[in-house]
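Please read the structure below before turning to the comments.
Note that these values count all heavy atoms, side chains included, but never hydrogens, waters or copies made by symmetry. Residues: numbered from 1 along the sequence shown.
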Amino acid sequence: MKYLRWVMLLLVVSGLIASFWFSQGWLQLCAGLAIFLFGMQCLEEGLRQLAGSKLEQILGRSTSTPFKSLLFGVGGTLLLQSSTLVSLLTIAFISTGLIQLAGGIAILFGANLGATSGIWLLALAGQNLSLSPLALPLLVFGVLAGFFGPRSKAAGRIVLGIAFIFLGIDQIKEGFASFGDGLDMTGLQEGGLRGALLFTAIGMAITVVLQSSHATLMLTLAALASGQLELGQSLAIAIGSNIGSSVTTAFVGSLGGNRNGQRLALAHVLFNITTGVIAFCLLGPLTWLVHVLAEPLGLGENSMIQLAMFHTLFNAMGVALFWPLQGRLAQYLIRWLPERVEPQVLITELASEQVAEPERTRARYLNERALDSVDAASGAVVQELGHLGRLSLEVICHALYLPVDQLARARVDDQLLQAKPAQGGFDAEHLYQFHIKGVYGDLLSFMGRMELPMDEAHQQFWISCQLAALQLVDAVKDAKHLQKNLGHYLDAPPSAVREAYVELRRHLLATLHEVRELVRSDMPDEMWQSRLRWLDEQAASFDAQFRQRLFAEVRYGHLDGLQTSSLMNDLGYVSRIFQSLRNVLMLGSEQALFRELRKFGDEQESLIRFS
């Protein structure tokens, strides 16, 4: 599959190079489109960097009511000039709990309304107005701003984005003019339903390829202004571009592990498809209405303004249709996509089943769009830490040759503790390689890709998350070392050394149970800290008593020096496992990470419980 992608990419690049050689107008058109898309990218990055960690504060104030959420969607799309981008950001916000589903739906409505703003600007600018003279000084100021600190550089990035958008628009208009009749689609005589379907499909295809309905409509305006498209054809393309803009949202939402993100993606698809189908069915009446509204304003001959007017009309019609149904739509989405029931046990394959090695367990909650917001990324990291923590406790439990359901039991089955390891049981090294390493690597990679500026509190939080992940991995590595001697002596006949390993097994299982209960607990902080201190005292007491017992057994001749050294080393592993897990709890308690873990656990049921 990887080689197939490279072959397809090579073919596409080769085809473009050949087409550029034979057609200068096509080269101009593609170059203008590339400059336009690059300008949108610069604009997005600059706004993201300028907002930094304050984006969440703006988001919180702007989404407290449905109407404010609608305005936020309109304003965000007006600034970013991409309804698709605003939709993807909203999915990231809702997936990490920053906003609720109903607020996200209202933002999507606003994003579709805001998408009409750029079309109006382009239509009002007209075909004869050149934006390049405006772009040139903006380029100078944008570059100069990059020399005066991070915030000034971010502002300069925004200015550069606007300049490149202006340059791209002019280049695209020149590209269409160079083509002459080469791209003239007015000769396509497909009329009626078949013609409308054809141009709707063209609009969808272009939007899916370019990942931008703005770019599609800009191309349409340029073709319309140069006489290469008729008004009716351009209206059908506008409908198709609206439907096509939901494809990316649907794809990204379906890949995410969070149900709310998937629900919002489905809401976007339903809104755009329903609005598009209604606009398509009412294409004739809406076209007539556009003419009626344009005539009194003296715009009856201005097809570009009429296209912008049509785009606004059918999006406003969709919002008016869906606005009273927001609450009911949210209920239906929850019913159609209910919360996944988290499995009680994450790791189920036995060593005997490891002939065909399974794929590595990967991160569940790390969405690339979450990196566009500090708090969204932090929320995703917290969720993934919960996933890693749950996997870690299961691996440690399997390293003891015990089933995971023992973690939930306050009273330990003594017969189970005395039992020998089952044949073909779990191997801790294999579990580490296939269930811990992949998730840990994904987590570090995700955190390393964060480029947004962070305040001191967020920086400290980020460091705490990294240390917590490292401590979990260290606990699993110590459990790997412990399993070797534990399995050997548990499989041996009854003896003093075997009984000592049974005690180590009992103590570590009880410790894991207490850690799990502390993670799940919602007790007040003072009581929680008191319980953790009690657990510290229990661990220290066990260490001291176990050491005393070992030396007493040596004096009585029940243990030899080699057995004692093995037990002392493995007692050290047990102590380090506890200390690593305790450090995770303390890091969370000190940096409010643990409160976030518990908050997400309350909001999303057992989504991030360790086990």
Practice problem: Start with the C-alpha gap between Leu512 and Leu581, add the side-chain angles, then the distance that decides, and say whether side chain to side chain contact (heavy atoms under 4.5 Å, CB included) holds. | Solution: CA-CA 9 Å; Leu512 296 179; Leu581 296 177; 3.6 Å; yes
Self-check item: Heavy-atom pair of closest approach, residues Leu532 and Met586
Solution: CD2-SD, 3.1 Å
Quiz item: Looking at Thr275, Asn242, Asn272, Thr116, which hits side-chain hydrogen bond (donor to acceptor under 3.5 Å, both in side chains) with Asn315?
Solution: Asn242
Quiz item: So how far is it from Tyr332 OH to Leu266 CG, rounded to the nearest 0.5 Å?
Solution: 14.0 Å
Self-check item: Validation row: Gln579, Arg582 side chains within 4.5 angstrom (heavy atoms)
Solution: yes
Exercise. Before giving the answer on side chain to side chain contact (heavy atoms under 4.5 Å, CB included), spell out for Leu329 and Leu270 the whole-Å C-alpha distance, their side-chain angles and the decisive distance to 0.1 Å.
Key: CA-CA 10 Å; Leu329 177 60; Leu270 289 174; 4.3 Å; yes
Exercise. Take Met447 and Leu443 through the side chain to side chain contact (heavy atoms under 4.5 Å, CB included) test and state the conclusion after the steps.
Key: CA-CA 6 Å; Met447 299 179 79; Leu443 190 58; 4.3 Å; yes
Quiz item: For Ser445 and Arg449, does a side-chain donor sit closer than 3.5 Å to a side-chain acceptor?
Solution: yes
Exercise. State, with a plain yes or no, whether a side-chain heavy atom of Ile105 is found less than 4.5 Å away from one of Leu333.
Key: yes
Exercise. Calculate, to the nearest 0.5 Å, the distance between atoms CG and CD1 belonging to Leu219 and Ile237 respectively.
Key: 9.5 Å
Practice problem: Assign the ring pair Phe38 / Phe164 to parallel, tilted or perpendicular, where the plane angle (0 to 90°) is split at 30° and 60°. | Solution: perpendicular
Exercise. Quick one: list whatever passes side chain to side chain contact (heavy atoms under 4.5 Å, CB included) with Ala115, sequence neighbours left out.
Key: Thr77, Ser83, His214, His311
Exercise. For the pair Phe322 and Thr274, evaluate side chain to side chain contact (heavy atoms under 4.5 Å, CB included) and give the outcome as yes or no after the intermediate values.
Key: CA-CA 10 Å; Phe322 276 84; Thr274 303; 3.8 Å; yes
Quiz item: Does any donor atom in the side chain of Thr361 or His435 lie under 3.5 Å from an acceptor atom in the other side chain?
Solution: yes
Quiz item: Is it true that a side-chain atom of Arg263 and a backbone atom of Leu337 form a donor plus acceptor pair closer than 3.5 Å?
Solution: yes
Quiz prompt | Student check: side-chain heavy atoms of Leu472 and Ile436 closer than 4.5 Å | solution = no
Quiz item: Is there side-chain contact between Ile347 and Phe434, with heavy atoms separated by less than 4.5 Å?
Solution: no
Quiz item: Can you tell me how far CG of Leu78 sits from CG of Leu113, rounded to the nearest 0.5 angstrom?
Solution: 12.0 Å
Quiz item: Looking only at heavy atoms, which two atoms of Ala399 and Ala428 are closest? And how far apart?
Solution: CB-CB, 4.1 Å
Quiz item: Sequence neighbours excluded, which residues qualify as side chain to side chain contact (heavy atoms under 4.5 Å, CB included) partners of Ala154?
Solution: Gln49, Leu50
Exercise. Any chance you could measure Ile91, atom CD1, to Gln262, atom CD, to the nearest 0.5 Å?
Key: 9.5 Å
Quiz item: At what distance, to the nearest 0.5 angstrom, does CG of Leu391 lie from OH of Tyr440?
Solution: 14.5 Å
Quiz prompt | Separation of Leu470 CG from Cys465 SG (nearest 0.5 Å) | solution = 13.0 Å
Quiz prompt | Any Phe461 side-chain heavy atom under 4.5 Å of Val382 side chain | solution = yes
Quiz prompt | Side-chain (Ser152) to main-chain (Ala145) donor-acceptor, under 3.5 angstrom | solution = yes
Quiz prompt | Exercise: identify the closest heavy-atom pair between Leu585 and Trp528 | solution = O-CH2, 3.7 Å
Self-check item: Minimal non-hydrogen separation, His458 against Ser378, with atom names
Solution: CD2-OG, 4.1 Å
Exercise. Look at the aromatic rings of Phe109 and Trp323 and report parallel, tilted or perpendicular, splitting at 30° and 60°.
Key: tilted
Practice problem: Answer yes or no: is there a donor N or O on one side and an acceptor on the other, between the side chain of Thr207 and the main chain of Gly203, under 3.5 Å? | Solution: yes
Practice problem: Kindly indicate whether the side chain of Tyr432, heavy atoms from C-beta on, has any atom under 4.5 Å from the side chain of Val473. | Solution: yes
Quiz item: So, the side chain of Ser521 versus the backbone of Leu518: is there a donor-acceptor pair under 3.5 Å, distance only?
Solution: no
Self-check item: Which atom of Ile577 lies closest to which atom of Ala475, heavy atoms considered
Solution: CG1-O, 3.6 Å
Quiz item: With distance as the sole criterion, is a donor-acceptor pair present between the side chains of Gln433 and Glu429 under 3.5 Å?
Solution: yes
Practice problem: State, with a plain yes or no, whether a side-chain heavy atom of Ile463 is found less than 4.5 Å away from one of Leu467. | Solution: yes
Practice problem: Mind listing the closest non-hydrogen atom pair of Leu108 and Ser87 along with its distance? | Solution: CD2-OG, 3.4 Å
Quiz item: Does a sphere of radius 6.0 Å around CZ in Phe141 hold more than 12 heavy atoms from other residues, nucleotides or ligands, not counting ones at 6.0 Å or beyond?
Solution: no
Exercise. State, yes or no, whether a side-chain contact exists between Asn583 and Asp474 at a heavy-atom distance under 4.5 Å.
Key: no
Exercise. Spell out, as yes or no, whether a donor-acceptor pair under 3.5 Å connects the side chain of Glu384 to the backbone of Arg364.
Key: yes
